[in-house]
Number of protein chains: 2
Amino acid sequence: MTTAPTTPASLRDRKKIRTRRLLQEHALRLFADRGYAGTTVEDIAAAADVSPRTFFRYFASKEAVVLEDEYDPLLFERMRRIDPREPPVGAMRRIIASLLPDIYAEDRDRILARSRLVYGTPELASAVNGQLTGFERLLAGTLAEVHGRAPDDLEARVVAAVSVAAMRCAIEQWVAADGAPDLGGLLDQAFDVVERGLTLG
Amino acid sequence: MTTAPTTPASLRDRKKIRTRRLLQEHALRLFADRGYAGTTVEDIAAAADVSPRTFFRYFASKEAVVLEDEYDPLLFERMRRIDPREPPVGAMRRIIASLLPDIYAEDRDRILARSRLVYGTPELASAVNGQLTGFERLLAGTLAEVHGRAPDDLEARVVAAVSVAAMRCAIEQWVAADGAPDLGGLLDQAFDVVERGLTLG
DNA sequence: TGTCTTATGGCATCGTCTGACGCAATGCGC
DNA sequence: GCGCATTGCGTCAGACGATGCCATAAGACA
């Protein structure tokens, strides 16, 4: 994932980054140990050796510490550059496929663990849906703009919503199978169903 | 909506039904007045003249008082009777179309008001997504069963997820336009996009 | 070193939600 | 009607998430 070298800047900034990472790591460890509901923000703060108040300065909510995702911005960035002549679904496939290898190489296990936690915890699953909705909205807007349609165009929204839904299915399946099958293959399968107009093979 | 006459049964049961309805009505009224966040469970309980503790005996959460929906079971029921030879999307269209007139006639305004509240309140929007996920899962299971596939079949899940997504888009559009366009027409438009493999017209 | 900025901790508070317990209303067999 | 079992409800106490406020400590900068 060729994380940019990002000079640590000042001591202050380095500390902030460190605290943030500490909080997230301890949180995920504790969640895995005692479950999400069985872990309080106080526990996490204590483990990271900061006050509970400070936890909420880094994360807007207990959920946020799990949902923070560094890949969304990347995906957005690429979406914005879609060629209007390219069929929407094809574009989605291509972009995801181009992002996947990097993610796979570097963060596969971390993402898998986090996903297991998310899908095993109703509250988190619901929250991640909210996140996907945001993504969907942005995607719909981009699609509408690229194709010269009104910002709230129904067809653009459907394309966006359906693409996200297909993607989500593939990922869920992947997580459910403990990351055993190739995610790229599952995504292809899912998008194939969509492209042939939702008929069962 | 030809609500079954359902004899009121015992006095106790009638009281329970009454309290439940009271809580829900006052809640929706207060939410409309002061907003969702601006209304506390204590307010609702006071308006309905019960203790806050009692509120939670009727509704599992503050959200639940909004999300309670009497149509889901109906939709489920019809889904279960799908003919395997019928294309899945066509079946969805047909079932929804058959349900719509009744809902439209009786509860259109109530549903519209509730939907406005839900989509205008991020927390509720997220919660309703969770509800849709449940519906999606059930639909996927039914589809898989009807077509003789494994319960977690990816294609069945994609079909379910995508159908629900398309439906959701149409409804959101309908609500955003204040119920002005015909919901049936929007649903047709949305499903058309899906059936032609997600190409923009 | 001295000063300005900013991150943090502590405290208080609100709101959601849950468990425990006792009381009162209802249902029911007589 | 009467007495007993059932059950719905209010009260109390409390955990937990989340936020505002203020004092203080740590880092930035000259």
Rounded distance (Å) that lies between atom [atom2] of [N] and atom [atom1] of [X]:
| X | N | atom1 | atom2 | value |
| --- | --- | --- | --- | --- |
| R18(A) | dA7(C) | CZ | C1' | 14 Å |
| E63(A) | dT16(C) | CD | C1' | 14 Å |
| E42(A) | dG10(C) | CD | C1' | 13 Å |
| F56(A) | dA7(C) | CZ | C1' | 17 Å |
| L23(A) | dT8(C) | CG | C1' | 12 Å |

- Given dT16(C), dG27(C), dG17(D), which nucleotide is nearest the side-chain atoms of K62(A)?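 Nucleotide nearest to K62(A)'s side chain: dG17(D).
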Sorted by chain and number, sequence neighbours left out, side chain to side chain contact (heavy atoms under 4.5 Å, CB included) with D182(B) holds for Y104(B)
Paired with M92(A), the side-chain contact (heavy atoms from CB on, under 4.5 Å) test is passed by just one of L139(A), V162(A), L143(A), V159(A), namely L139(A)
One thing to verify: whether [Y] and [X] come together as a salt bridge, which I'm taking to mean a side-chain N less than 4.0 angstrom from a carboxylate O.
| X | Y | answer |
| --- | --- | --- |
| R196(B) | E155(A) | yes |
| D152(B) | R157(B) | no |
| R80(A) | E145(A) | no |

Pull out every protein N or O sitting under 3.5 Å from an N or O of nucleotides 8-15 of chain D, one pair per line with the distance.
residue : atom : partner : partner atom : Å
dG8(D)  : OP1  : K16(B)  : NZ           : 3.3
dC9(D)  : OP1  : Y58(B)  : OH           : 2.9
dC9(D)  : OP2  : Y58(B)  : OH           : 3.1
dG10(D) : OP1  : S51(B)  : N            : 3.3
dG10(D) : OP2  : S51(B)  : N            : 3.0
dG10(D) : OP2  : S51(B)  : OG           : 2.9
dG10(D) : OP2  : T54(B)  : OG1          : 2.0
dG10(D) : N7   : R57(B)  : NH1          : 3.3
dG10(D) : O6   : R57(B)  : NH2          : 2.5

| query | With no hydrogens and no angle check, do the side chains of S126(A) and N129(B) hold a donor and an acceptor under 3.5 Å apart? | reply |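 Distance-only check fails for S126(A) and N129(B).
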